[in-house]
Number of protein chains: 2
Amino acid sequence: MNQIFRNTALRVSCDQCPLRVLPHFREFSQPELDFVSSFKTAELVAEPGTVLLAEGMHNAHLYTILSGWAFRYKTLPDGRRQVLNYMLPGDLIGLQGTVMGELDHSVEALTPLILCIFQRDRLNELFVNYPSLAFDVTWLASHEERMLDDHLLSVGRRSALERAAYLIAFLYKRALAVGLVSDGRARLPITQNLVADTLGLSIVHTNKTLRRLVTLGLIRWQGRACEVLDIEALVDVAGWEQAPEKKRPFI
Amino acid sequence: MNQIFRNTALRVSCDQCPLRVLPHFREFSQPELDFVSSFKTAELVAEPGTVLLAEGMHNAHLYTILSGWAFRYKTLPDGRRQVLNYMLPGDLIGLQGTVMGELDHSVEALTPLILCIFQRDRLNELFVNYPSLAFDVTWLASHEERMLDDHLLSVGRRSALERAAYLIAFLYKRALAVGLVSDGRARLPITQNLVADTLGLSIVHTNKTLRRLVTLGLIRWQGRACEVLDIEALVDVAGWEQAPEKKRPFI
DNA sequence: CGGCGGCTTGAGAAAGATCAAACGCTGTGG
DNA sequence: CCACAGCGTTTGATCTTTCTCAAGCCGCCG
């Protein structure tokens, strides 16, 4: 359990990266692809529950998720936990630690995970020689900031029901973008405990709130996962005005 | 009221930027300085209450605060408002809009403001020719992300009293870093309405909570401002474990 | 002088937390 | 194969925090 398996050999070449063909991601030039291929040193497989990065680490790695779900969180000294965001395929993990020297949040695998490991100390080279990729890194940081803005608005100003609807709609949209939704049905691999720590609510109240969404026919809950039944209605309950997502970069 | 005055001429040359001498900011090389000087097109003066950037804008400007305070916020369709963060001298405004094409939050002046205006469309040039500055931009985005992480933890998991203490301690530390604290006393230019919208509380409850901090002798409230009396105690009440701030960049 | 924005206070209502207990599934060990 | 432990989910009862409503105060500015 909670083990990390490291592969020195590249299993998936960046040229044939399965993410690259998704319409959600921008296209790369060959020189960019070549650099990213050399930037990637290995792949890593992690089990659910593995803590990939821990608060306070100084030499955190830099990863991109190739497949699976993870989440980012912080805790107070007495153990209260706040989930900050979820990471899906194409998301960069550990940028804060790489750019600012120290990490102040933790990252845990939610499902089995495959990660691309990058050479943290060559980020400088990326900035010097591949300005377009450097811009992408900044884009990704801005994108994370935007998601946090939304979460903060949600936790600060939405009611429990609205918050729950927003979170599930948000995760659905993200899953959709990376092709994890088949025939309109997505299975979001979250527990109610995690939802509670994301929404800033207690587990009990989270359960009662989710139950209301179930009764309304918007979601279904089964086996540590949430199935979305009516995304439109969820967005509506949340009062969420989303900007349409354009093509995004990833490294 | 709420007017913007634009000066075509540079009043303060970047070489003699008053922020540059603060120990809080990293030193720049001459070529960097020269570029930033050319990147800056003008200065702008704004009155308190001026909305510098509004949600949904497509051609948002890119600014750095030279002096004064501003805040960033989002609103729900029915008007509920959440303050996301505060911006002080040295902070970049409008990066999200510049990098991602569209802005999804608003920015308002809290005090009289002096801003440096940058040529948004030359950001590309910055990335191509000044990788060290590009890295700084990414650093700033990561820094914003880190502050948001903290705010989210606060709003999601701290009690009203802890939240209030955290916010005031946070603002004090930020003011301190840019030299706005004289003999241990800082005057934070916030209203209780704004505090409420930052903490995700009602005005009434915010008032009662702040009153408790006043009674405890940690702060004083007078004339649309908060005076910090005991920063250590505030940090303690908040249960805030802060990483020591290192030197930071700015553009 | 009057209006307005910001602060303050009390009282009752509502949302959400805590406590307590139980159910069902899964994996493990006898 | 069954007993059991552990985790995730569910539900009811009660307690606490926070919200809403209502009103009054103060200082500033037109």
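Numbers restart at 1 for each chain; the letters A, B, ... are given by sequence-line order, proteins then strands. What you are looking at is a predicted structure, and each value in this text was computed from that prediction instead of being measured. All heavy atoms count here, side chains included; hydrogens, waters and symmetry mates do not.
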Can you measure [X] atom [atom1] to [N] atom [atom2] for me and round it to whole angstrom units?
{"X": "L161(A)", "N": "dA14(C)", "atom1": "CG", "atom2": "P", "result": "17 Å"}
{"X": "R80(A)", "N": "dA17(C)", "atom1": "CZ", "atom2": "P", "result": "12 Å"}
{"X": "L110(B)", "N": "dG6(C)", "atom1": "CG", "atom2": "C1'", "result": "14 Å"}
{"X": "H205(A)", "N": "dT14(D)", "atom1": "NE2", "atom2": "P", "result": "19 Å"}
{"X": "D78(A)", "N": "dT18(C)", "atom1": "CG", "atom2": "P", "result": "11 Å"}
{"X": "R157(A)", "N": "dT18(D)", "atom1": "CZ", "atom2": "C1'", "result": "12 Å"}
{"X": "Q222(B)", "N": "dC28(D)", "atom1": "CD", "atom2": "P", "result": "12 Å"}

Side-chain touch L152(A)/D149(A), heavy atoms, less than 4.5 angstrom:
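No, their side chains stay 4.5 Å or more apart.
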
With a 4.5 Å cut-off on side-chain heavy atoms, are F170(A) and Q242(A) touching?
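In short, these two side chains do not touch, never coming nearer than 4.5 Å.
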
Can a salt bridge be assigned to the pair D197(A) and R81(A) using a cut-off of 4.0 Å between side-chain N and carboxylate O?
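Salt bridge: yes.
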
Should the pair E144(B)-R72(B) be classified as a salt bridge under the 4.0 Å nitrogen-to-oxygen rule?
yes

If only side-chain N and O atoms of R224(B) are considered, is one of them under 4.0 Å from the OP1 or OP2 phosphate oxygen of dG5(C)?
no

When you measure from the side-chain N and O atoms of N207(B) to the phosphate of dC7(C), is any distance below 4.0 Å, counting only OP1 and OP2?
no

Just jot down the side chain to side chain contact (heavy atoms under 4.5 Å, CB included) partners of S67(A), sequence neighbours excluded, or say none.
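Testing S67(A) for side chain to side chain contact (heavy atoms under 4.5 Å, CB included), a comparison that skips the adjacent residues, returns I114(A).
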
Among dA17(C), dT10(D), dG10(C), the nucleotide that comes nearest once only the side chain of K208(B) is considered:
dG10(C)

ring-ring contact (aromatic ring centres under 6.0 Å, His included): pairs with one or both residues in residues 187-242 of chain B, sequence neighbours excluded
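Residue pairs with at least one partner in residues 187-242 of chain B: Y166(B)-W240(B).
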
Residue-level proximity of residues 189-204 of chain A to DNA chain D when a heavy atom falls under 4.0 Å:
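Close to the strand are T191(A), Q192(A), N193(A), V204(A).
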
